[in-house]
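Notes to accompany the following structure.
Order of listing sets the numbers, starting from 1, for every ligand and every atom in it. Computed over heavy atoms, backbone and side chain alike; hydrogens, waters and symmetry mates excluded.
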Amino acid sequence: MIPALEALSRLREGNLRFVSDEEEPSMLTSQAARHQLTYGQEPFAIIFGCSDSRVPVEIVFDQGLGDLFVIRVAGNVVARSQIGSVEFAAHQFGTRLVVVLGHSKCGAVTATLEELERPERSRSPNLRSIVDRIRPAVEDLRGTDLRDDPGALLEHAVRANIRASANQLRHGSQILEELIAKDGLLVVGAEYSLETGHVDFFDGVPAGAS
Ligand SMILES: [Zn+2]
């Protein structure tokens with residue numbers, strides 16, 4: 001089992017390689033690795049990210065086959081099936097780091113802010129279920145000075161949504177709560193910058209690990 005903080009360092013190092021265009025020629029996607037992995041997997045991190053095509057998780061962390069257990073859904077919103085996926089990986093593979101990975105200029109968060117401004121009646125119920133999960137995390141921000149600065153409002157809303165999802169994973173499941181309390185599971189929130197490629201782990205990282 002790879003401890004959470006070691007997993008976090010691996011992700012940071014991989015993201016640095018990605019940002020500096022120094023990705024390792026991936027032996028991790030080789031045929032040999034593929035064969036090896038038919039016998040089992042031990043992903044060192046669970047990444048719960050947004051579906052946005054510009055944030056492909058293995059690429060931005062420079063990781064290969066078998067390294068990451070990835071769940072992606074628009075707006076990185078937490079529903080029961082996602083909590084179940086995290087429980088599965090944490091339990092089955094002993095993975096001890098969970099990263100909620102949002103990103104700048106997230107379309108789902110933007111759509112939620114627009115919805116708060118002008119409710120959209122024609123939205124499909126399925127799409128609405130995404131917006132409804134983001135809304136509680138961001139609606140209070142509109143009561144602040146950010147209201148007058150759409151760019152800053154979106155930046156804060158993206159981070160608020162990441163924090164909310166991380167908290168839902170920390171407290172939305174008895175199994176995960178117990179793994180956190182007794183077994184070294186760590187849930188952190190991070191934001192990927194579309195502009196720089198850099199991932200900022202800003203939520204839930206223990207002091208001294210940054
Ligand atoms: Zn997004």
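Following chains of ILVMFWY side-chain contacts shorter than 4.5 Å, one cannot reach V199 starting from L16, and the two form parts of different hydrophobic clusters.
When the ring pair (Phe, Tyr, Trp, His ring centres under 6.0 Å) test is applied to F88, the partners found at least two apart in sequence or on another chain are F93. With sequence neighbours left out, E117 forms a salt bridge (Lys or Arg N to Asp or Glu O under 4.0 Å) with R142. Among residues two or more places apart in sequence or in another chain, the salt bridge (Lys or Arg N to Asp or Glu O under 4.0 Å) test is passed with E195 by K105.
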Handout entry: Stepwise side-chain hydrogen bond (donor to acceptor under 3.5 Å, both in side chains) test for E87 and S173
Key = CA-CA 8 Å; E87 286 178 354; S173 149; 2.6 Å; yes
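In this structure, R72 fails the cation-pi test against F48, since its NZ or CZ atom is not both closer than 6.0 Å to the six-membered ring centre and inside 45 degrees of the ring normal.
Annotation: protein N, O or S atoms under 2.8 Å of the Zn ion (ligand 1) (waters excluded) comprise C50 SG, H103 NE2, C106 SG.
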